[in-house]
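No experiment lies behind these values; they were computed from the predicted model shown.
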Amino acid sequence: MNTKCFLNLLSFILFVHAAIAQTAPSLNCSNDILLQQQGVWKDSRYTGKGIAAADIQKQKKVLDQITKMIKTAYHPVAVEANAHIALNPPYNNYRPVNYYDFSIIPLEYYCEGNQIKKVHETSSYFQIFINQFGKEIYDTAQGDRLLQEGFNVIYDMPIAKDGYFYFKEKEVTLPFDGKGKTSEWLITYDGQLPFSFVTKKEFLEKRKKALYVQEEQAANGFRDVLKGLDIEKGFKEKEYVNNPAQLQRYMKMEYENIKIRYNKLLQENKSRFKPAFDKIDKQLAMSPLELNQFAIVKDDPYDHLSYLFVDSNDPFRKILIKPNPTYFKKLPRSSPQFIWISVSASSTNVITAKFMSDIVKALDFKTMINLLGK
């Protein structure tokens, strides 16, 4: 066999061997093997409607800087890192800014027998939001919450560190992955926050108004029955105009009994709300110093109409917040005015745990701080 034929045969053998190696099961697949697998990037973009061209250009520039920061420092291991850039439609009604974000969904590799495969869905998630926080901060409480605490709620107090804020890492239950962990950071102007805390006095005054509304809502149901009863009485009087005995029977057996019962319910309703009003009046008599403290509350376990003041260590705490329009500078809507970062991952899966550890190491807070106000 001449040299050329030998080289051609060798090349063919190597090609077949490589093809077989790509399709054959990975021997002794394990977490150690998975952690040696280089991951891949998969990129996508979304641009909502109604965004000004100048804003799109500016927001893309900011997100390109963030993408560069992450991709320079983070290299996927045993995951398909689905990186997504989103320019969201503006909310002109009450937000002074546009919000946009960079996110990664890491679809982790796993062993099935001795084969390496990739999951189709995961609870692990990483996101850098520009001008968007995990709770509503641009508007006051709405819906059911308006008649409960009366203000929007966060559950952990931000802690200042090195020119930004962080929230204590917490254990969570993830939809697909069971036990997990979540970490969050908030990058803002000079130690300020884009929302304000509510004082105890503000909470008590608003809660008292909400109680009046709740009391009236409950009473209106009883009043409606009484109004309907009087309407029915009018019809019965016409129906029994020639039968006084039947009318008298109706008045005694139905009308009067129902009226007594629902008037009693109205009085009981008032009595049911009175202890909650008394508690609020007592709390409003606290010293001005106490009333000016931040309102951290929890549901009173012995009175569903009342709340108790607690500290930030209580496991059932609700930290009340409200909009802080003075935080925002007069800048183009596209300008980053604060940045919120969130990462969640399974704590029992070594692949996603590594993703979370590696992506956190890729965060350059100085770079993100320098993006603010520009």
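- Under the 3.5 Å distance criterion, the side-chain polar atoms of Arg207 are matched with a main-chain donor or acceptor of Gln148.
- With a 4.5 Å cut-off on side-chain heavy atoms, Leu247 and Glu237 count as touching.
- When side chains are defined from C-beta on, Leu284 counts as touching Glu205, because their heavy atoms get closer than 4.5 Å.
- Between the side chain of Glu202 and the backbone N or O of Thr199 there is at least one donor-acceptor pair closer than 3.5 Å.
- Tested against Lys181 for a side-chain contact (heavy atoms from CB on, under 4.5 Å), the candidates Ser346, Ser344, Ser347 yield a single pass: Ser347.
- Taken to the nearest 0.5 Å, the CG atom of Asp156 stands 9.0 Å off from the OG atom of Ser312.
- Atom CD of Gln217 has more than 12 heavy atoms from other residues, nucleotides or ligands within 6.0 Å.
- In the displayed structure, Lys71 atom NZ is contacted under 6.0 Å by more than 12 heavy atoms of other residues, nucleotides or ligands.
- Looking only at side-chain heavy atoms (C-beta outward), Leu186 and Tyr164 stay at 4.5 Å or farther from each other.
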Checklist line | From CA spacing to verdict: side chain to side chain contact (heavy atoms under 4.5 Å, CB included), Phe133, Tyr138 | finding: CA-CA 10 Å; Phe133 186 53; Tyr138 294 105; over 6 Å; no
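- Around the CD atom of Gln57, the shell of radius 6.0 Å holds no more than 12 heavy atoms that belong to other residues, nucleotides or ligands.
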Item checked: Check against side chain to side chain contact (heavy atoms under 4.5 Å, CB included), Lys60 and Arg45 -> CA-CA 10 Å; Lys60 283 183 176 179; Arg45 284 179 178 258; 4.0 Å; yes
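- Judged purely by atom type and a 3.5 angstrom limit, Asn152 has no side-chain atom pairing as donor or acceptor with the backbone of Ile137.
- The aromatic ring centres of Trp340 and Phe165 sit 6.0 Å or more apart.
- Salt-bridge check for Asp303 with Lys274: failed, with every basic side-chain N at 4.0 Å or more from each acidic carboxylate O.
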Margin query: Assess the residue pair His84 and Ser44 against the criterion (side chain to side chain donor-acceptor pair (under 3.5 Å)); give the C-alpha distance rounded to whole Å, side-chain angles, the decisive distance to 0.1 Å, and a yes or no.
Written below: CA-CA 5 Å; His84 182 66; Ser44 62; 2.7 Å; yes
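- The main-chain N or O of Gly150 is found under 3.5 Å from a side-chain atom of Lys206 such that the two form a donor-acceptor pair.
- For the side-chain contact (heavy atoms from CB on, under 4.5 Å) with Gln337, the qualifying choice from Thr188, Ile130, Leu331 is Leu331, the only one to do so.
- Two residues are said to be in side-chain contact when any heavy atoms from C-beta on lie closer than 4.5 Å; Pro89 and Lys49 fail this criterion.
- Asn269 places a side-chain N or O within donor-acceptor distance of the main-chain N or O of Glu215, the cut-off being under 3.5 Å.
- For the pair Met69 and Ile128, the minimum side-chain heavy-atom distance is below 4.5 Å.
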Next item on the list: Determine, step by step, whether Val119 and Tyr110 satisfy the side chain to side chain contact (heavy atoms under 4.5 Å, CB included) criterion, reporting the C-alpha distance in whole Å, the side-chain angles of both residues, the deciding distance to 0.1 Å, and the verdict.
Entry: CA-CA 7 Å; Val119 299; Tyr110 68 98; 3.6 Å; yes
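- Of the possible donor and acceptor atoms, one in the side chain of Ser335 sits under 3.5 Å from a partner among the backbone N and O of Lys374.
- By the 6.0 Å contact criterion, CD on Gln142 is enclosed, its count of non-hydrogen atoms from other residues, nucleotides or ligands being greater than 12.
- Taking the centre of each ring, Phe273 and Tyr212 stay at or above the 6.0 Å mark.
- Atom CG of Asp230 has more than 12 heavy atoms from other residues, nucleotides or ligands within 6.0 Å.
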Notebook entry, point to check: Would Leu63 and Leu87 satisfy side chain to side chain contact (heavy atoms under 4.5 Å, CB included), going step by step from the backbone distance to the final call?
Noted result: CA-CA 9 Å; Leu63 290 174; Leu87 309 181; 3.5 Å; yes
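- With Tyr74 as reference, Trp41 is the one residue of Phe102, Phe126, Trp41 to meet the ring-ring contact (aromatic ring centres under 6.0 Å, His included) rule.
- Here the closest non-hydrogen pair linking Glu108 and Asn349 is OE2-ND2, 3.7 Å.
- Taking the side chain as every heavy atom from C-beta outward, Asn263 and Phe222 never approach each other to under 4.5 Å.
- Under the 6.0 Å cut-off for aromatic ring centres, Phe195 and Phe197 qualify, their centroids lying closer than that.
- Between the side chains of Gln59 and Asn98, at least one donor N or O lies within less than 3.5 Å of an accepting N or O.
- Rounding to the nearest 0.5 angstrom, the gap separating the CD1 atom in Ile296 from the CG atom in Leu320 is 8.5 Å.
- Ring planes of Phe365 and Trp185: tilted class, angle from 30 to 60°.
- In terms of heavy-atom proximity, Leu204 sits nearest to Gln283 at CD2-OE1, 3.1 Å.
- Panel note: side chain Asp300, backbone Leu308; no donor-acceptor pair is recorded below 3.5 Å.
- Between the side chain of Ser357 and the main chain of Ala353, no donor-acceptor pair closer than 3.5 Å is present.
- Counting heavy atoms from C-beta outward, Phe309 and Met286 have side chains that approach closer than 4.5 Å.
- Nearest heavy atom pair, residue Val153 against residue Lys318, reads CG1-CB, 3.7 Å.
- When every heavy atom of Ala141 is checked against every heavy atom of Leu146, the shortest pair comes out as O-CD1, 3.5 Å.
- Heavy-atom contacts from other residues, nucleotides or ligands closer than 6.0 Å to OH of Tyr262 number 12 or fewer.
- Salt bridge Glu216/Arg223: present, at least one basic N to carboxylate O contact under 4.0 Å.
- The backbone N or O of Arg95 sits less than 3.5 Å from a side-chain atom of Arg333, completing a donor-acceptor pair.
- Taken from CG in Asp55 to OH in Tyr100, the straight-line distance is 8.5 Å, to the nearest 0.5 Å.
- Across all non-hydrogen atoms, the minimal contact from Met368 to Ile341 is CE-CD1, 3.5 Å.
- The local environment of CD in Gln248 is sparse, with at most 12 non-hydrogen atoms from other residues, nucleotides or ligands closer than 6.0 Å.
- In this structure, Leu226 CG and Lys259 NZ are separated by 7.5 Å, a value rounded to the nearest 0.5 Å.
- Across every non-hydrogen atom of Ser30 and Cys111, the tightest pair is N-SG, 3.3 Å.
- Cation-pi contact between Lys329 and Tyr189: present, with separation from the ring centre below 6.0 Å and deviation from the ring axis of at most 45°.
- Here the side chains of Phe338 and Phe129 are not in contact, with every heavy-atom distance at 4.5 Å or above.
- Side-chain N/O atoms of Arg249 and Gln246 include a donor and acceptor closer than 3.5 Å.
- Atom CD1 of residue Ile105 and atom CD of residue Gln127 lie 8.5 Å apart, to the nearest 0.5 angstrom.
- Checked against the 6.0 Å centroid threshold, Phe167 and Tyr155 do not count as a close aromatic pair.
- Annotation: cation-pi pair Lys236/Tyr250 present, NZ/CZ under 6.0 Å from the ring centroid and within 45° of its normal.
- To the nearest 0.5 angstrom, Ile104 atom CD1 is 4.0 Å from Ile359 atom CD1.
- Environment of NZ in Lys200: crowded, with over 12 heavy atoms of neighbouring residues, nucleotides or ligands closer than 6.0 Å.
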